[in-house]
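For reference, the structure discussed in these notes is given below.
Sequence positions, counted from 1, serve as the residue numbers for this chain.
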Amino acid sequence: MNISASGLAANQLWMNVIANNIANANTTRTPQGGPYRSEIVNFQAVEQPMSFQTTLGQAMAYGGDGVEVSSITQDSSPFQLVYDPSSPDAVNGYVKMPNVDIATQMVDLVQASRAYEANATAFDAAKQMDISALSIGK
């Protein structure tokens with residue numbers, strides 16, 4: 001259940017970053033200066049030591065404890081130039097537009113939502129198994 005919960009949290013953050021990218025797809029001026037730069041979520045496996053009691057003492061093993069967001073980085077792909085001499089952000093008639101590709105963001109959103117659904121299903125299955133195991137012990 002902890003593994004699924006970590007997947008739920010990581011995929012929720014991924015969907016939030018995607019929503020932020022889509023919301024800023026036309027932002028040509030940020031507080032840092034220049035157009036908005038798309039963000040990318042990077043994941044890593046969480047490996048926590050697990051201890052086991054044995055007849056010979058305590059043994060240590062490493063097992064997967066889920067996933068976490070290791071970092072959120074900015075996409076280094078170039079900005080697109082759009083000819084719009086009426087824009088206050090235009091230089092020589094061209095405006096630098098954010099490097100947000102809506103099609104890529106939508107594909108990532110579908111992938112993140114499917115991963116979220118899969119983790120929710122796995123969490124529910126683990127919960128049902130725990131309930132069944134407890135009912136056997138009655």
Side-chain angles (χ1 to χ4, degrees):
M1 289 169 67
N2 289 338
I3 293 170
S4 294
S6 73
L8 289 169
N11 286 300
Q12 179 64 46
L13 179 60
W14 189 16
M15 288 187 281
N16 289 342
V17 169
I18 292 168
N20 189 45
N21 286 342
I22 292 170
N24 286 292
N26 293 315
T27 302
T28 58
R29 189 181 307 169
T30 63
Q32 297 82 15
Y36 176 80
R37 190 167 284 280
S38 181
E39 294 179 327
I40 301 169
V41 176
N42 302 301
F43 297 99
Q44 73 179 20
V46 176
E47 298 266 337
Q48 298 286 337
M50 299 183 302
S51 62
F52 298 97
Q53 287 291 88
T54 66
T55 56
L56 300 174
Q58 188 169 359
M60 295 295 288
Y62 286 89
D65 267 350
V67 67
E68 67 182 2
V69 173
S70 61
S71 64
I72 299 174
T73 57
Q74 290 188 336
D75 185 357
S76 61
S77 63
F79 297 118
Q80 296 181 11
L81 292 177
V82 174
Y83 186 72
D84 184 5
S86 63
S87 172
D89 296 323
V91 175
N92 295 328
Y94 288 94
V95 179
K96 284 186 181 178
M97 296 299 290
N99 61 349
V100 177
D101 180 16
I102 296 296
T104 301
Q105 296 298 315
M106 293 306 295
V107 168
D108 286 350
L109 183 59
V110 169
Q111 184 179 359
S113 65
R114 296 284 188 224
Y116 187 92
E117 289 172 12
N119 280 295
T121 301
F123 185 89
D124 190 46
K127 183 177 77 173
Q128 291 302 322
M129 284 189 287
D130 286 348
I131 292 170
S132 295
L134 289 172
S135 68
I136 291 172
K138 286 185 177 181

Begin from the C-alpha positions of L81 and K96 and carry the test side-chain contact (heavy atoms from CB on, under 4.5 Å) through to its verdict.
-> CA-CA 5 Å; L81 292 177; K96 284 186 181 178; 3.6 Å; yes
Would you sort out whether Y94 and V82 count as a side-chain contact (heavy atoms from CB on, under 4.5 Å), showing the intermediate values?
-> CA-CA 5 Å; Y94 288 94; V82 174; over 6 Å; no
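The OG1 atom of T28 sits 10.5 Å away from the CG atom of N24 when rounded to the nearest 0.5 Å. If you take CG on N11 and CD on Q111, they are separated by 8.5 Å, rounding to the nearest 0.5 Å. Distance CG/L13 to CD/E68: 11.5 Å, rounded to 0.5 Å.
Surrounding CD of Q80 are at most 12 heavy atoms belonging to other residues, nucleotides or ligands under 6.0 Å away. Around the CG atom of N42, the shell of radius 6.0 Å holds more than 12 heavy atoms that belong to other residues, nucleotides or ligands.
Hydrophobic clustering places M15 together with I102 (ILVMFWY residues linked when any side-chain heavy atoms are closer than 4.5 Å, directly or through intermediates). Under a hydrophobic-cluster definition in which Ile, Leu, Val, Met, Phe, Trp and Tyr are linked whenever side-chain heavy atoms come within less than 4.5 Å, directly or via other members, Y116 and I72 are assigned to the same cluster. Note on F43: it clusters hydrophobically with I18, by side-chain heavy-atom contacts below 4.5 Å among ILVMFWY residues. When hydrophobic clusters are built by joining Ile, Leu, Val, Met, Phe, Trp and Tyr residues whose side-chain heavy atoms come closer than 4.5 Å, directly or via intermediates, Y36 is not grouped with I40. V107 and W14 are members of different hydrophobic clusters when ILVMFWY side chains are connected at heavy-atom separations under 4.5 Å.
Every residue two or more places apart in sequence or in another chain that forms a salt bridge (charged side-chain N to carboxylate O under 4.0 Å, His left out) with D124 is listed here: K127. Q12 is linked by a side-chain hydrogen bond (donor to acceptor under 3.5 Å, both in side chains) to N16, counting only residues two or more places apart in sequence or in another chain. Every residue two or more places apart in sequence or in another chain was checked for a salt bridge (charged side-chain N to carboxylate O under 4.0 Å, His left out) with D130, and none qualifies. Taking the ring-ring contact (aromatic ring centres under 6.0 Å, His included) definition, one finds that F79 meets it with nothing, sequence neighbours left out. Residues satisfying the salt bridge (charged side-chain N to carboxylate O under 4.0 Å, His left out) criterion with E117, sequence neighbours excluded, are R114.
N99 places a side-chain N or O within 3.5 Å of a backbone atom of S77 that can act as its donor or acceptor partner. Panel note: side chain N21, backbone Q105; no donor-acceptor pair is recorded below 3.5 Å. Looking at S6, its side chain does come within 3.5 Å of a backbone N or O of V67 through a donor-acceptor pair.
The hydrophobic cluster around F123 extends to M1, counting ILVMFWY residues whose side-chain heavy atoms fall within less than 4.5 Å of a member.
Between the side chains of S87 and D84, not a single donor N or O lies within less than 3.5 Å of an accepting N or O.
Nearest heavy-atom pair across A122 and S4 is CB-OG, 3.4 Å. Across all non-hydrogen atoms, the minimal contact from G66 to I3 is N-CG1, 3.7 Å. Between P88 and R29, the shortest heavy-atom distance links the atoms CB-NH2, 3.8 Å.
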